[in-house]
J.: 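The structure under discussion is supplied below as structure tokens; questions concerning it will follow.
Computed from a prediction, not measured in an experiment: that's the story for all the values here.
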Amino acid sequence: ARRASSLLITPEYLLLSLLSYEESRAVKGLQKLGVNIELFVDELRKVIKALLVVQEKVVAEEKTAESVKAAVGVVEAEQKLDREPAEEEKKVETADLLQPTLALTTMVEHAISLAREEAHRLGHVEVDTDHVLLGLMTEADGLASLALHVWDVKTKELRQESENMPGREKCDSPCESKCGSKVNEL
């Protein structure tokens, strides 16, 4: 998200992040389903870049219309006031120098909630990258979900891969309190 100068972590940026760890359970699960991770990531980045170009054009057109209106207002205001910058304006300039905090979109928050549910349903003690991937796939409105479905990744098959991955601590039952508390830490 930062590389794209975005202040929001969207589902597609979360997906790119998950796929950047070659040893992650998300990558291993997708590879077992026949997905070429490198090619998938390249295609996803192209789609994101194309969407950003479209967004920039729309924003530029909106800003042009707003700029004309604002310019008229600024000229009128400058004619009325010839003053020093206010303290609040100085604070804004200082704040611009600070690194912005990235925020999760509501779709990412929902995908993480779905990841918790997936881990709990599968009886897994902790939420891992494969659960987050399942959460992203289940979040139907996101570009990440669409991209995975275009690549013919099936939620049911990925869930089976997740369930069968070795080296994972499981609960005796999906409702065990130990499991629920660890899953909810995410």
J.: Any chain of hydrophobic side-chain contacts (each under 4.5 Å) joining L15 to V127?
T.: yes
J.: Are L122 and R159 close enough that some pair of their side-chain heavy atoms sits under 4.5 Å apart?
T.: yes
J.: May I ask whether L14 and I37 are part of the same hydrophobic cluster, defined by side-chain heavy atoms of I, L, V, M, F, W, Y residues being less than 4.5 angstrom apart, directly or through others?
T.: yes
J.: Is there side-chain contact between L18 and V27, with at least one heavy-atom pair below 4.5 Å?
T.: no
J.: Decide yes or no for I112 and L104: does some side-chain heavy atom of the first lie under 4.5 Å from some side-chain heavy atom of the second?
T.: yes
J.: Would you say that Y21 contacts T129 through its side chain, given a criterion of any heavy-atom pair below 4.5 Å between the two side chains?
T.: no
J.: How far apart are the closest heavy atoms of L8 and L102, and which atoms are they?
T.: N-CD2, 4.5 Å
J.: Donor-acceptor pair, H131 side chain versus D128 backbone, under 3.5 Å?
T.: yes
J.: Main chain of T10, side chain of T105: is a donor-acceptor contact present, judged purely on distance under 3.5 Å?
T.: no
J.: Looking at L134, is its backbone amide N or carbonyl O close enough to the side chain of T138 to form a donor-acceptor pair, meaning the two atoms are under 3.5 Å apart?
T.: yes
J.: Is there side-chain contact between L16 and I48, with at least one heavy-atom pair below 4.5 Å?
T.: yes
J.: Any non-hydrogen side-chain atom of L30 less than 4.5 Å from a side-chain atom of E161?
T.: no
J.: Below 4.5 Å, heavy atoms only, C-beta onward: do L44 and W151 meet side chain to side chain?
T.: no
